[in-house]
Number of protein chains: 2
Amino acid sequence: MDKQTVTIYDVAREADVSMATVSRVVNGNPNVKPATRKKVLDVIERLDYRPNAVARGLASKKTTTVGVIIPDVTNIYFSALARGIDDIAMMYKYNIILTNSDENGRKEVQVLNTLMAKQVDGIVFMGNDISEELRKEFDRAKTPIVLAGCVDEQGVMPSVNIDYAAAVEEAVKNLIDHGNQRVAFISGSLDYPINRDYRLKGYKQALKKAGIRYDDKLVFETDYSYKAGQLLQPALQSVNATAAIIGDDELAAGVMNGVTDAGLKVPDDFEIITSNDTKLTEMVRPKMSSITQPLYDIGAVAMRLLTKLMSSETVDDKTVLLPYGLMKRASTH
Amino acid sequence: MDKQTVTIYDVAREADVSMATVSRVVNGNPNVKPATRKKVLDVIERLDYRPNAVARGLASKKTTTVGVIIPDVTNIYFSALARGIDDIAMMYKYNIILTNSDENGRKEVQVLNTLMAKQVDGIVFMGNDISEELRKEFDRAKTPIVLAGCVDEQGVMPSVNIDYAAAVEEAVKNLIDHGNQRVAFISGSLDYPINRDYRLKGYKQALKKAGIRYDDKLVFETDYSYKAGQLLQPALQSVNATAAIIGDDELAAGVMNGVTDAGLKVPDDFEIITSNDTKLTEMVRPKMSSITQPLYDIGAVAMRLLTKLMSSETVDDKTVLLPYGLMKRASTH
DNA sequence: CTGAAAGCGCTAACAA
DNA sequence: TTGTTAGCGCTTTCAG
């Protein structure tokens, strides 16, 4: 069978001390005489003893693992956040249980529940929206949860974001300043607060300040995919758009290639500013101008915030806004 | 304090049955009279009882979580595999502990150890290389491990891959058939068996069959990054390469843009075939021709294989090769 | 079909 | 500085 797993008890017996003492040296508790510590360490080495984290978790009620709910790891925007999360988690000795939700409300709830069942010490949630049902589950959870790249319209949950409204406003102003009177607004579903209540608001604000009438024909609601962007070209042309602010880089790449493939020149005939500044912006031609956001940092800060929450430290501000910028590349003048 | 967590014991008491019975209904054991099952279920509902997976894990020695070691989630190639892994894992009721290794041998070993400590039921490993030390740890683990997109030179570990040598040979033959006498081979480190023993071998094979002398000046060893590719242009020119087979899509995008930015036309002046067929190949202009591999499936099949291993099913073939192809796009004639 | 009881491997008071 | 002793919440024989 299985070669007998060696337990803390075996070590205690061999080292001729109590389990408590072994536990102490394993956990770095200073209240152990150096001599006995050495003795125990030797036995541990000799027996090749490995502490069982599950048993430890049960006894201590801490698993040193946190749950991460992500729409899709395959999306470069989210995977950048995830990387920030994992790095900081590792730094603080946590592991990550990563699950893809596809932004599917039911799946999110279900996943959240299995994470709770697994007794994770905390959760980082990414997604564009928090359904009512999900919010209820969040409330019920006694585990700390922080949102990364995801706004809480009610402003009650800890979260890390940039000021999307201001960023979009600035980007659109830039486009208008270049002489574009008809700037399209292209985003994912307007059911998502981040699009409806932040990005679109910034867009309207910029128009207003420039004295341009808002025209909802210029607002395009689609899904965040390259394909969707590519297919948008005819529609953009039919409303005489000469520029666009776009909510996602893959989507933007699609739009740009769609426009280009139709024979238009970017930026001469059509200017584009995208929103996430992923490395994709530098890989396409022309390179895309973008709102910049510190993707990795959003994840990293979110995780850091979570560690504080998990150790019940007092946190000054639970909703942190990281700085954004506007990076001019070749898709704008 | 904490609202008292409700345990299986509470349910048993309230339902006036034994813990064993509650355990049975929770685990869907059929040996329970429908009436008592209902009674228990009602109490579970009323008390909002949630089984504690950690306790269950300790008692049953199964955690229903598997470890996934990935070089970098941010790399679109690996994230595609990861997605396949997670989907199948979820299908079989497993969760994934995901950790980035950066291909760093020490980190890999360390991560592997914490995964073992957490008593994962299995592990999927991704990476270009298996260091000697890592291999020793693998051997020591009593937990099933499968490699995804990662060859085992010794052919002993379960793995899922494509036939890299044959794929590269076919791609290079294609390039040669187009009249290219000087085809560059651009890959990551040749310390990696996948590059040295498979891809390069396929490259040499194609040359040999075409009667072209192998010239190691045409072999470029670099890291898998966009930047690295972009910087390669002068070197490529200096050895008069007119085409290249490239081991990674981001790297290939970099090469292509570097070449293009230097004033050359792809594919007229320089042909490119890349290796991973990620969505990036369709986003750049010209679109890149590529060896196709079923990325998602490699992950999915690896996970499926792991589930079999975890439940001790007999597996016919532990090293599976999935089909590859050659997708002609606009970076070749 | 159901219950009693013995752990799983470790932590955490509490004593000493 | 060290040991004793309860559990943590659940699964799993073994009886009945």
Side-chain angles (χ1 to χ4, degrees), chain A residues 1-41 43-44 47-65 114 116-121 142, chain B residues 1-41 43-44 47-65 114 116-121 142:
Chain A
M1 298 273 78
D2 215 4
K3 192 186 298 174
Q4 198 60 49
T5 46
V6 3
T7 75
I8 200 173
Y9 177 77
D10 299 316
V11 177
R13 180 170 34 70
E14 290 291 306
D16 200 33
V17 297
S18 72
M19 289 165 56
T21 298
V22 178
S23 176
R24 287 192 188 95
V25 349
V26 166
N27 292 297
N29 184 317
N31 291 43
V32 179
K33 196 167 30 162
T36 61
R37 175 187 307 283
K38 174 158 181 8
K39 187 171 58 172
V40 172
L41 251 18
V43 175
I44 286 178
L47 264 43
D48 190 29
Y49 164 71
R50 318 289 196 92
N52 177 324
V54 173
R56 189 189 300 213
L58 183 59
S60 69
K61 297 179 172 306
K62 286 191 179 326
T63 54
T64 65
T65 110
T114 90
M116 301 302 305
K118 295 214 169 168
Q119 314 297 118
V120 295
D121 296 335
K142 1 42 177 78
Chain B
M1 298 277 75
D2 217 2
K3 193 185 297 174
Q4 198 58 50
T5 47
V6 3
T7 74
I8 200 173
Y9 176 77
D10 299 316
V11 176
R13 182 169 34 71
E14 290 290 307
D16 201 34
V17 297
S18 72
M19 289 165 56
T21 299
V22 177
S23 177
R24 287 192 188 95
V25 348
V26 167
N27 291 298
N29 183 317
N31 291 41
V32 180
K33 194 166 35 161
T36 62
R37 175 187 306 282
K38 174 158 180 8
K39 188 169 60 171
V40 171
L41 250 19
V43 175
I44 286 178
L47 265 42
D48 190 31
Y49 165 71
R50 319 288 198 91
N52 179 325
V54 173
R56 188 188 300 211
L58 181 58
S60 69
K61 294 176 174 309
K62 284 190 179 328
T63 54
T64 64
T65 108
T114 90
M116 302 302 304
K118 296 216 169 169
Q119 312 297 122
V120 295
D121 297 334
K142 358 51 176 77

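Throughout, protein chains are lettered first and strands after them, A, B, ... in sequence-line order, and every chain is numbered starting at 1.
By the side chain to side chain contact (heavy atoms under 4.5 Å, CB included) test, Asp16(B) pairs with no residue at all, sequence neighbours left out. Here Ala59(A) pairs with nothing under the side chain to side chain contact (heavy atoms under 4.5 Å, CB included) rule; sequence neighbours left out. Thr7(B) pairs by the side chain to side chain contact (heavy atoms under 4.5 Å, CB included) definition with Tyr9(B), Asp10(B), not counting sequence neighbours.
Between Pro34(A) and Gly57(B), the one whose closest nucleotide on DNA chain D sits nearer the 5' end is Pro34(A). When the nearest nucleotides of DNA chain C are assigned to Tyr9(A) and Val32(B) by heavy-atom distance, the more 5′-ward of the two goes with Val32(B). In terms of position on DNA chain C, the residue among Ala59(B) and Thr36(B) whose nearest nucleotide sits closer to the 5' end is Thr36(B).
Between the side chain of Ser60(A) and the backbone N or O of Arg56(A) there is at least one donor-acceptor pair closer than 3.5 Å. Although no hydrogens or angles enter the test, the distance criterion places a donor-acceptor pair under 3.5 Å between the side chain of Asn29(A) and the main chain of Asn31(A).
Of the candidate nucleotides dG9(D), dT2(D), dC10(D), dG9(D) has the atom lying nearest to any side-chain atom of Leu58(A). In the set dC10(C), dT11(D), dT1(D), the nucleotide with an atom closest to the side chain of Tyr49(A) is dC10(C). Closest to the Ser23(B) side chain, of the nucleotides dT11(D), dC1(C), dT11(C), is dT11(D). Residue Arg56(A) has its side chain nearest to dT11(C) when only dT11(C), dG9(D), dC10(D) are considered.
Ile8(A) places its CD1 atom 14 Å from the P atom of dC8(C), with the value rounded to the nearest Å. In this entry the distance linking CZ of Arg13(B) with P of dA4(C) reads 15 Å, nearest Å. Between the P atom of dT11(D) and the CG atom of Asn31(B) lies a distance of 15 Å, rounded to the nearest Å. Rounded to whole Å, the distance from NZ on Lys118(B) to P on dC10(C) is 15 Å. With rounding to whole Å, Asp10(A) atom CG is found 10 Å from dG9(C) atom C1'. The interatomic distance linking Met19(B) (CE) with dG7(D) (C1') rounds to 12 Å, in whole Å. As a whole-Å value, the separation of Arg37(A) CZ from dT2(D) P is 9 Å. If you take CG of Asp16(A) and P of dT4(D), they are 10 Å apart, rounded to a whole angstrom.
When the local axes at the two ends of the helix from dC1(C)-dG16(D) to dA16(C)-dT1(D) are compared, using 5 base pairs at each end, they differ in direction by 30° after rounding to 10°.
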- prompt: Under the side-chain contact (heavy atoms from CB on, under 4.5 Å) criterion, do Val6(A) and Asp48(A) qualify, and how do the steps go?
  reply: CA-CA 8 Å; Val6(A) 3; Asp48(A) 190 29; 5.7 Å; no
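The phosphate of dG3(D) has OP1 or OP2 within less than 4.0 Å of a side-chain N or O from Thr21(A). Between Ser18(B) and the phosphate of dG3(C), there is a side-chain N or O to OP1/OP2 separation shorter than 4.0 Å. Between Asn52(A) and the phosphate of dC8(C), there is no side-chain N or O to OP1/OP2 separation shorter than 4.0 Å. Between dG9(C) and Thr5(A), a contact under 4.0 Å exists linking OP1 or OP2 to a side-chain N or O. Phosphate contact (OP1/OP2 of dC10(C), side-chain N/O of Lys61(A), threshold under 4.0 Å): absent.
Applying the salt bridge (charged side-chain N to carboxylate O under 4.0 Å, His left out) test to residues at least two apart or on different chains, the pairs with a partner in residues 27-39 of chain B are Lys38(B)-Asp42(B).
Val54(A) comes within contact range of no nucleotide atom at all, as no heavy-atom separation falls under 4.0 Å.
Evaluated for a side-chain contact (heavy atoms from CB on, under 4.5 Å) with Val11(B), the options Val25(B), Thr21(B), Val26(B), Ile44(B) yield exactly one hit, Ile44(B).
Of the inter-residue distances, the one linking Thr5(A) atom OG1 with Asn52(A) atom CG reads 8.0 Å to the nearest 0.5 angstrom.
Counting only heavy atoms from C-beta outward, the side chains of Thr63(B) and Lys118(B) never approach each other to under 4.5 Å.
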Could you go through nucleotides 13-16 of chain D and list every protein N or O atom that sits under 3.5 Å from one of its N or O atoms, giving the distance for each pair?
none

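Here the shortest heavy-atom pairing between Leu58(A) and Ala55(B) reads CD1-CB, 3.7 Å.
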